[in-house]
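Structure first, then comments.
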There are 2 protein chains.
Amino acid sequence: MSDTDSLFPETLPPARRRSRRPAAQRTTLADVAHRAGVSLMTASRALSDPRQVSEKLRVKVEQAVAELAYVPNRAARALASARSHAIAVLVPSFSNAVFTDVLAGIQDALGPDGYQLLIGNTRYSSEEEETLLRLHLQSHPAGILLTGLTQNDAVNKMLEVAGIPVVSMMDLSDDPRRASVGLSQYDAGAAMVRHLLSRGYRRIGYLAAQLDERTIKRTEGFRAALREAGLYDPRREVMVPDPSTVALGAELIGRLLANAPDCDAVFCCNDDLAYGAIYQCQRRGIAIPRDLAISGFNDLPTSAWMNPSLTTIATPRYRVGYEAAQLLKRLMAGEEPQTRNIDLGFSLIVREST
Amino acid sequence: MSDTDSLFPETLPPARRRSRRPAAQRTTLADVAHRAGVSLMTASRALSDPRQVSEKLRVKVEQAVAELAYVPNRAARALASARSHAIAVLVPSFSNAVFTDVLAGIQDALGPDGYQLLIGNTRYSSEEEETLLRLHLQSHPAGILLTGLTQNDAVNKMLEVAGIPVVSMMDLSDDPRRASVGLSQYDAGAAMVRHLLSRGYRRIGYLAAQLDERTIKRTEGFRAALREAGLYDPRREVMVPDPSTVALGAELIGRLLANAPDCDAVFCCNDDLAYGAIYQCQRRGIAIPRDLAISGFNDLPTSAWMNPSLTTIATPRYRVGYEAAQLLKRLMAGEEPQTRNIDLGFSLIVREST
DNA sequence: CTGAAAGCGCTTACAG
DNA sequence: CTGAAAGCGCTTACAG
């Protein structure tokens with residue numbers, strides 16, 4: 001991005017110009033004030049802090065607002081007050097249920113306060129993350145909620161220059177400058193391996209997709225726990241950068257079993273992959289868990305209901321969103337919380353598939 | 001909402017006041033112009049329409065932008081130009097894969113043009129829809145993408161007053177004033193019934209949740225097709241307003257079979273419900289489709305892979321989002337498309353479950 | 001291709 | 001509790 005052409009594109013279709021519709025002006029606060037018979041100032045205060053205005057005038061203003069169907073101009077407000085009610089939220093996916101739960105938590109924590117959420121889907125691309133952040137930074141948000149700890153240099157630079165509170169979600173930062181709310185992906189990966197080992201499985205395979213930062217950490221946890229048991233074998237890993245889907249899980253289990261037919265268990269880096277793996281095994285007459293144990297990660301709603309039900313790691317993603325938003329609120333208010341990195345943990349859910 | 005207190009809440013924590021940080025001013029276009037040794041005007045044009053500026057000056061401005069890490073102030077731009085690059089998008093759910101696909105289509109259609117998407121999740125609540133629209137209208141978006149045709153009176157009023165192009169998604173409008181891109185939910189519901197009838201099923205049950213406008217239309221299609229065949233029996237319907245989940249599907253199939261144990265097929269108003277119904281039947285030893293046929297609606301990714309695979313109606317939701325965005329672009333450009341209501345159809349996908 | 005002036009619709013201090 | 005003035009950071013015509 002060295003070319004300013006694309007930095008702040010203004011390639012919109014020619015809009016209606018002001019001069020072409022001199023009559024159809026929007027109704028402004030001045031119109032409201034005029035109609036209510038009060039000054040602009042009083043009208044402004046009646047809306048932004050009603051307690052500063054006498055009951056009588058407030059009612060007049062409210063009536064005028066209703067009669068004129070007045071809509072405040074957020075741009076003018078933001079410009080004059082030098083602050084905004086916007087919060088930028090960047091997640092890597094909308095189709096991954098993990099992040100829709102995170103968003104729900106954020107919405108519940110922030111919605112009641114009247115914040116405008118600027119939600120962006122980065123599609124697991126640091127370039128799209130950069131583009132979206134650049135775009136939303138133009139709205140001068142009061143705070144930023146990011147997914148993961150590692151951003152590209154341009155993003156880190158923008159964040160630093162902006163000087164706006166930031167909280168990272170779904171992972172735990174060890175950098176005191178970056179606040180975070182999440183869980184140890186590494187520990188969670190290792191925990192699943194220990195469960196499989198405790199069940200007696202010894203030839204444990206691994207299926208992973210997307211290979212984002214958090215998946216890599218789970219992978220490291222998987223490897224460390226197996227190495228610790230002296231059972232790590234790279235032939236049992238199938239890892240591809242493609243987006244996780246049920247279909248991909250079906251394909252990857254096929255590849256794994258072709259490479260290492262003697263696997264007695266498979267840890268899938270997320271539930272979608274595990275669903276595909278299980279369905280594919282069923283098609284091939286491989287009984288789960290008798291012939292092969294399969295486990296997932298995240299505990300999506302289907303996991304408890306499918307047959308066999310899926311052993312998995314439950315991640316507190318709704319709470320991650322909720323608590324990250326709460327932490328961000330504190331930071332935006334200028335507080336300095338003792339804990340800027342909140343570990344919400346995870347839980348192993350043992351079901352029929354292992 | 002008769003109280004202005006809550007109309008435009010300003011309940012934010014006390015922000016840093018301008019006077020408290022006189023030095024740490026944001027860098028403005030004037031700073032950029034100064035550094036580049038050009039006038040404010042030239043700097044402005046270099047960013048918004050580089051062709052209007054000589055190569056030499058443009059490069060200077062670009063350098064200054066980079067050196068100062070300048071971020072344009074969207075509020076100032078919006079205020080001065082009386083238009084915004086924002087588009088408000090309201091969907092009823094993030095957890096329903098249908099709408100994340102719709103959002104992906106919108107993102108692909110609009111992203112390249114540099115629009116800022118103001119995405120809101122109404123949670124199937126017309127009150128939340130109203131609140132979100134009121135909020136986003138303050139940003140004076142250039143266009144609005146809505147889910148469904150029916151909004152509450154306040155929303156319709158706001159839409160009318162705003163005079164901004166609007167496109168409804170996922171359904172088809174018969175009101176020429178409301179543009180729409182979607183499919184006939186009624187026809188799709190009826191199509192599934194005809195399929196089941198053609199397979200020889202005669203005692204067809206129905207499971208529905210959420211009961212939003214589109215579900216109701218599918219229900220009407222279901223009923224009409226059965227009445228036409230002389231086979232409609234209200235005892236075979238189980239409908240609840242709760243959100244659709246796999247767990248709910250498992251519960252509702254239990255209720256249906258308790259009420260009407262002789263059903264030979266069940267049409268679920270969406271795939272999630274169907275998954276739950278199938279898993280529950282498997283637990284009870286009910287063979288599908290031998291003992292009971294089950295079908296869904298939407299064709300989510302799992303439907304093709306589960307065992308048995310699910311007969312369902314595929315809806316073109318990605319394309320709905322994409323085409324709705326395209327139509328909106330035309331409307332925003334002031335064009336008057338011949339077709340303001342685009343039927344993208346649906347397709348019956350017959351699989352193992354029926 | 002470049003520039004000086006006016007103004008977008010609000011809020012912020014500062015007075016009263 | 002209420003008000004007149006200034007200004008937020010840009011873009012829009014209008015000139016040259």
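Taking side-chain N and O atoms only, B/Ser44 has a distance below 4.0 Å to OP1 or OP2 of D/dT11. At the phosphate of D/dG9, neither OP1 nor OP2 sits under 4.0 Å from any side-chain N or O atom of B/Thr28. At the phosphate of C/dT12, OP1 or OP2 sits under 4.0 Å from a side-chain N or O atom of A/Arg83. The phosphate of C/dT11 has neither OP1 nor OP2 within less than 4.0 Å of any side-chain N or O from A/Ser81.
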Detail all sub-3.5 Å separations between protein N/O atoms and N/O atoms belonging to nucleotides 14-16 of chain D.
none

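At least one donor-acceptor pair under 3.5 Å links the side chain of B/Ser168 to the backbone N or O of B/Gly148.
Taking the side chain of B/Ala80 as heavy atoms from C-beta on, and the options D/dT2, C/dT11, C/dC8, the nearest nucleotide is C/dC8. Checking D/dT11, C/dC10, D/dC10 against the side-chain heavy atoms of B/Tyr70 singles out D/dC10 as nearest. Closest to the side chain of B/Met41, from the set C/dT12, C/dG3, D/dG7, is C/dG3. Here the nucleotide nearest the side chain of B/Leu57, chosen from C/dT2, C/dG9, D/dT2, is C/dT2. Comparing D/dC10, C/dC10, C/dG3 by their nearest atom to the side chain of B/Leu40 picks out D/dC10.
Residues passing the side-chain contact (heavy atoms from CB on, under 4.5 Å) test with A/Thr28 are A/Ala30, A/Asp31, sequence neighbours excluded. In this view, A/Ala75 and A/Asn73, B/Ala75, B/Ala78, B/Leu79 satisfy the side-chain contact (heavy atoms from CB on, under 4.5 Å) rule, not counting sequence neighbours. B/Arg123 is linked by a salt bridge (Lys or Arg N to Asp or Glu O under 4.0 Å) to A/Asp108, B/Glu128, counting only residues two or more places apart in sequence or in another chain. In this structure, A/Glu336 has no salt bridge (Lys or Arg N to Asp or Glu O under 4.0 Å) partners at least two apart in sequence or on a different chain. Taking the salt bridge (Lys or Arg N to Asp or Glu O under 4.0 Å) definition, one finds that A/Glu213 meets it with A/Lys217, sequence neighbours left out.
Pairs passing the salt bridge (charged side-chain N to carboxylate O under 4.0 Å, His left out) check and including a residue from residues 140-160 of chain A, sequence neighbours excluded, do not occur. Residue pairs meeting the salt bridge (charged side-chain N to carboxylate O under 4.0 Å, His left out) criterion with at least one member in residues 64-73 of chain A, sequence neighbours excluded, are A/Arg35-A/Glu67.
Residue whose closest nucleotide on DNA chain C sits further toward the 5' end, between B/Ser54 and B/Ala76: B/Ser54.
The distance from atom CG of A/Asp49 to atom P of C/dT12 is 10 Å, rounded to the nearest whole Å. In this entry the distance linking CG of B/Leu29 with C1' of D/dG7 reads 17 Å, nearest Å.
Paired runs in DNA chain D that reach 3 or more consecutive Watson-Crick or G-U pairs, where each pair keeps both distances under 3.5 Å, cover C:1-3 with D:14-16, C:5-12 with D:5-12, C:14-16 with D:1-3.
A donor-acceptor contact under 3.5 angstrom links the side chains of B/Thr42 and B/Ser39, judged on distance only.
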